[in-house]
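First the structure, in the form of structure tokens, and then the observations on it.
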Amino acid sequence: MGLIQEIERRRTFAIISHPDAGKTTLTEKLLLFGGAIHVAGAVKSNKIKKTATSDFMEIERQRGISVATSVMGFEYRDHKVNILDTPGHQDFAEDTFRTLTAVDSVIIVVDGAKGVEAQTKKLMQVCRMRKTPVMVFVNKFDREGKDAFDLLDEIEEQLQIQVNPLSWPIGQGLDFKGVYNIWDESLYFFQGDKQEINLGVEFRDIQSPELDQLMGKKHASKLRDDLEIVREVYPRFDRSTYLDAKVAPVFFGSALYNFGVQELLNCFLDIAPSPLPSETDERKVLPSEEKFSGFVFKIHANMDPNHRNRIAFVKVCSGKFERNTNYLHVGLNKRMKFSSPTAFMADKKSVIDEAYPGDIVGIPDTGNFKIGDTLTEGEVMHYKGLPSFSPELFMYVNNADPMKSKQLYKGLDQLMDEGVAQLFTNKMNGRKIIGTVGQLQFEVIQYRLLHEYNASCQYEGISLYKACWIKSKNKVSLEDFKRRKYQFMAEDTKGRDVFLAESSYVLQSAQQNFPDIEFYFTSEFK
Ligand code: G4P
């Protein structure tokens, strides 16, 4: 198969949801269809549970296990499907944001009883920012929940995107009869068996009186009426509008009972984008370019103390990646060869010889890679789109064992490369400040420093509201600002200027009083 065919048959996406909406269950059912796993529960047992802070060691243990489920690839209907897993715990939201930079589309799972929840809204903002095409799966229709039309309105309003239902539920809860597939105009009856891949009973002509007999007059005429309204209210589905991220196709079903899932998967394969062009600082790169290039979007530490290395996850953006071939690590300006790159199938990872755009390659790493690093065949370019978000929780980090300061700094450096948190150095006193988006990261860092680097740290509270990057075309104003705010100026690990605002008031007045200074709340700016 040629490069173009390999690209066109690939679908790389992430499933996102508020915890508990059914992301893991849906992932698992998709894998069952792909034959990548054979029993329900295989993914679930690897899941990072949404536990309280005190259980973070358990989370870390499971993070180790979850390497295997970071990327789940499978073949289905001549397509190569790559699902990128995103952590459910909101303290790891930043991992999720970064994963979203490596996908071409997204499926959002919404709980049919709870509707759109907070974390889904937040993640949707990232999709909107990146213009990622999204589909929505409204889950748990085997339970009583909200009305389908109300849910569509809620999704439209809360996720700020037009919707277009491509399947339609018949009944709900105990009365759930199945879904009508608007996309291919067919109907499947719900059979209420969660163990099997459930194809249901196919039925095509919904005007036929036979339908009244099969599901009862009430349901049959409600379905006909509902579909009439759907046709009146929603324009005919247009794929290009979906690819432009302007409309979200919506599906209804029950992941647990495996209903509506195949409709979703089939339609997804038909309409979701194959690998798209990617932006670098220098130019746009097409997947079909002959030369390989890609970037690291995630680094996963190996939690097994006997195998210290990490895995760098590289998204292939163009050309063909080949094992044992010389590639340029642009950041280090160093040629490297990889003898055991791995690909991820749901339940195992195996060494691969080649990979194509859209694929994720795992590269064992001993500390050469940072998140955002670019690999090419020789061209010097830098992939864009891995923002750090301005953190909201801060602590001074102190060395608790003076004999181990080397280990501490090495550990901190490496953890920052992985994107666990952000490290700032206060310009005034040289003290190190860790900034995170979740409380859990502080514990993760302390635990990992001790167990992986044999270093111990102590935290000391610091009252800060936000850290933001600053820049100005006016050098004099910038210097003036830095001088006046000397106490609150810091540097990130790349040496960029960061302003540590003590309160929202301080930040606002700084913005008002220094109109020449630009304040950035993600690190992705030029
Ligand atoms: P998440 O990854 O989004 O956090 O959600 P997950 O799939 O773990 O699902 C959360 C809970 O919702 C699970 O129940 C799961 O069984 C249930 N669930 C998922 N899909 C459906 C559905 O279509 N219908 C119904 N009725 N329930 C669904 P749990 O009790 O937390 O876990 P478990 O003990 O059942 O595994």
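Order of appearance sets the numbers: ligands from 1, and atoms from 1 within every ligand. The model shown is predicted, which means the values in this text are computed figures rather than measured ones.
Ligand 1 has a nitrogen or oxygen under 3.5 angstrom from a nitrogen or oxygen of Thr24. In terms of polar-atom proximity, defined here as any N/O pair under 3.5 Å, Pro19 makes no such contact with ligand 1. Taking only nitrogen or oxygen atoms, main chain and side chain alike, Leu256 reaches within less than 3.5 Å of ligand 1.
Counting non-hydrogen atoms of neighbouring residues, nucleotides and ligands closer than 6.0 angstrom, the CG atom of Leu174 reaches no more than 12 such neighbours.
Between the side chains of Asp212 and His219, not a single donor N or O lies within less than 3.5 Å of an accepting N or O.
Distance CZ/Arg143 to OH/Tyr257: 9.0 Å, rounded to 0.5 Å.
Between Phe252 and Trp168, the angle of the ring planes goes over 60°, which puts this pair in the perpendicular group of the 30/60° scheme. Taking the six-membered ring where tryptophan is involved, the planes of Phe321 and Phe338 are essentially parallel, since the angle between them stays under 30° and well short of 60°. Ring planes of Tyr383 and Phe295: tilted class, angle from 30 to 60°.
Atoms of ligand 1 lying under 4.0 Å from at least one heavy atom of Ser17, given by number and element, are 3 (O). Less than 4.0 angstrom separates some heavy atom of Ser254 from each of these atoms of ligand 1: 22 (C), 23 (O), 24 (N). Taking a cut-off of under 4.0 Å to the non-hydrogen atoms of Lys23, the atoms of ligand 1 that pass are 1 (P), 2 (O), 3 (O), 5 (O), 7 (O).
Stacking of Lys298 on the aromatic ring of Phe313 is recorded, both the 6.0 Å distance cut-off and the 45° axial limit being met.
At a 4.0 Å heavy-atom cut-off, ligand 1 touches Asn139 through the side chain alone. At a 4.0 Å heavy-atom cut-off, ligand 1 touches Asp20 through backbone and side chain alike. The side chain of Arg143, and not its backbone, has at least one atom closer than 4.0 Å to an atom of ligand 1 (non-hydrogen atoms only; side chain from C-beta on).
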